[in-house]
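Values below: every heavy atom of this structure, side chains too, minus hydrogens, waters and symmetry copies.
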Amino acid sequence: MKVIIDRDHLVRSVQDVMKAVSSRTTIPILTGIKIVASEQGVTLTGSDSDISIESFIPAEENDRVIVDVIKQGSVVLQARFFSEIVRKLPRETVEIEVKDQFVTTIRSGKTEFHLNGLDPEEYPRLPQIQEENMFQIPADLLKHVIRQTVFAVSTSETRPILTGVNWRIESSELTCIATDSHRLAMRKAKVETESEAYYNIVIPGKSLNELNKILEESNEPVHIVVTENQVLFKTKHLLFFSRLLDGNYPDTSRLIPTDSQTDMIVKTKEFLQAIDRASLLAREGRNNVVRLSTLSDKVVEISSNSPEIGKVVEEVQCEQVDGEELKISFSAKYMMDALKALEGAEIKISFTGAMRPFLIRPLHDDSMLQLILPVRTY
């Protein structure tokens, strides 16, 4: 194999596939990146058997030659060294040549590296996915949907299913739900499906975080293909495979209260800043708990008390407060995560009593909601 390749394109592709390469894999060859040169261009693959990423660098793009394939072939190179080398090469172009026993020469300007490669035949094959069940969603919308839900997945392995985000598709609407059983994030979005498709899958939170880092903010469509145990996200030059989590996601619809006793409308940014200030003292204690008390139809009080350090009290102006008087305690971190995920200048918070979960929503948008369970304080 011998190719001459534009360095910037190579660096970007290597960075993308590196997100799937793990140093802690049980299969040694998966610590490498597979490189395949064909007439069309160069394909790089990285995998840790949960996530696999394939990035394609076309030979030409917009009438500009990016890859000159002198001799077709393939090799697997140690990901950690290859990615560092490529990033630090001096010139705009890189020449990669594979000789006997997969010894690979990487040249750029007057710099020359020799890396011992591995046999690409030993690299596990990526799943071949039949593209029958496909739907699509613009990349920027997909990024929003991931960002607004994935933070609420569980980090504990006691219930593995909760470490993923539940994606349901019914009549061209995608509903994403994440919960760690103390809070819940939900986001809905319209998608383009080819038929009256119905899916109910759980995608690992870790996979979605990595996908979010790779996707660019654009309205280019991302094609999504679902099979029994895999999901594939496909963009122009990228394939991102993730395994799905086994098991049934709990029915969360019962958790979401339909009525409320106290409603308040506040400016998102001001409320977030007040919670942030209150959490300064709360963070020191084990609990990170802040209290909210309604004072009048326009004012609530945010406070936090840490016996060893001190306390903080702040009054926050609301647009309106309706319903019964309320005193409630909750995790400052959960509230801040929820507020950062929501869009819109104003939010509505609906409480059904001091010990029941409460809802946070943008004022005029039903496509997203956050739910938080209060904390018992004695």
Side-chain angles (χ1 to χ4, degrees), residues 1 3 5-38 41-58 67 73-89 94 96 98 101-106 108 113-129 143 146 150 153 155 157 163-164 203-216 222 225 229-245:
M1 168 180 137
V3 295
I5 192 164
D6 176 79
R7 195 196 70 184
D8 290 348
H9 278 79
L10 181 59
V11 168
R12 204 170 322 137
S13 276
V14 169
Q15 279 173 343
D16 284 350
V17 300
M18 277 296 284
K19 293 194 168 46
V21 178
S22 159
S23 52
R24 294 194 305 273
T25 172
T26 47
I27 310 166
I29 198 158
L30 289 184
T31 57
I33 290 178
K34 181 178 172 186
I35 304 166
V36 180
S38 66
V42 169
T43 304
L44 304 179
T45 308
S47 175
D48 67 356
S49 66
D50 280 350
I51 303 174
S52 305
I53 300 172
E54 187 178 284
S55 175
F56 177 67
I57 307 171
V67 184
S74 56
V75 69
V76 176
L77 296 177
Q78 275 301 325
R80 200 160 56 94
F81 297 111
F82 182 59
S83 65
E84 288 287 321
I85 289 168
V86 169
R87 237 184 37 226
K88 294 181 177 172
L89 288 174
V94 181
I96 301 174
V98 181
Q101 318 274 238
F102 302 105
V103 174
T104 304
T105 307
I106 301 165
S108 181
F113 284 92
H114 297 274
L115 275 185
N116 297 328
L118 298 163
D119 182 352
E121 287 304 311
E122 289 175 17
Y123 198 86
R125 297 247 179 274
L126 286 188
Q128 289 302 310
I129 287 186
K143 281 178 79 75
I146 294 173
V150 75
V153 298
T155 50
E157 288 293 334
T163 61
I203 306 174
K206 180 172 150 265
S207 304
L208 291 171
N209 273 321
E210 296 302 344
L211 175 66
N212 209 15
K213 290 177 196 163
I214 296 176
L215 285 176
E216 290 175 12
V222 178
V225 189
N229 51 11
Q230 291 271 343
V231 58
L232 163 63
F233 297 87
K234 207 171 137 189
T235 64
K236 197 166 156 199
H237 294 316
L238 195 79
L239 299 181
F240 184 104
F241 295 86
S242 167
R243 74 180 176 93
L244 297 174
L245 292 176

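Under a 3.5 Å cut-off, the side chain of Ser13 and the backbone N or O of Leu10 do not form any donor-acceptor pair. A donor-acceptor pair under 3.5 Å links the side-chain atoms of Thr104 to the main chain of Phe102, judged by distance alone. Checking side-chain atoms of Lys234 against main-chain N and O of Val225 turns up no donor-acceptor pair under 3.5 Å.
Taking CG of Leu239 as the reference point, atom CZ of Phe56 lies at 10.5 Å (rounded to 0.5 Å). Note that CD of Glu216 and OG1 of Thr235 are 8.0 Å apart. Values are rounded to the nearest 0.5 Å. Between Ile146 atom CD1 and Ile203 atom CD1 the span is 8.0 Å, to the nearest 0.5 Å. In this structure, CD1 on Ile214 lies 13.0 Å from CZ on Arg12, to the nearest 0.5 angstrom. Here the straight-line distance linking atom NE2 of His237 with atom CG of Leu44 works out to 12.5 Å at 0.5 Å rounding. Rounded to the nearest 0.5 angstrom, Asn116 CG and Gln78 CD are separated by 9.5 Å.
The nearest pair of heavy atoms linking Ile29 to Pro124 is CG2-CD, 4.0 Å. Residues Leu238 and Ser55 come closest through the heavy atom pair CD1-CB, 3.9 Å. The minimum heavy-atom distance linking Ser83 with Met18 is given by the pair OG-CE, 3.7 Å. Taking all atoms of both residues into account, the shortest heavy-atom contact from Ile33 to Ala79 is CG1-CB, 3.7 Å. The minimum heavy-atom distance linking Asp16 with Ile53 is given by the pair O-CD1, 3.4 Å. The two atoms that bring Ser52 and Leu126 nearest to each other are CB-CD2, 3.3 Å, heavy atoms only.
Counting heavy atoms from C-beta outward, Asp50 and Glu210 have side chains that stay 4.5 Å or more apart. Taking the side chain as every heavy atom from C-beta outward, Asn229 and Arg243 never approach each other to under 4.5 Å. Contact of the Glu157 side chain with the Thr163 side chain is registered, since non-hydrogen atoms from C-beta on lie closer than 4.5 Å. Between Phe82 and Ile35 the shortest side-chain heavy-atom distance falls below 4.5 Å. Considering only heavy atoms from C-beta on, Val222 stays 4.5 Å or farther from Phe240 through its side chain. Lys19 has its side chain out of reach of Ile51: every pair of non-hydrogen atoms, C-beta onward, lies at least 4.5 Å apart. Inter-residue side-chain proximity for Ile85 and Leu115 is flagged as met; some heavy-atom pair is nearer than 4.5 Å. For the pair Leu208 and Asn212, the minimum side-chain heavy-atom distance is 4.5 Å or more.
Considering Val76, Val36, Leu77 in turn, Val76 is the only one that fulfils the side-chain contact (heavy atoms from CB on, under 4.5 Å) rule with Pro120.
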Problem set entry | Audit row: Tyr123, Ser47, side chain to side chain contact (heavy atoms under 4.5 Å, CB included) steps and yes/no | CA-CA 10 Å; Tyr123 198 86; Ser47 175; 3.6 Å; yes
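By the 6.0 Å contact criterion, CZ on Arg87 is enclosed, its count of non-hydrogen atoms from other residues, nucleotides or ligands being greater than 12.
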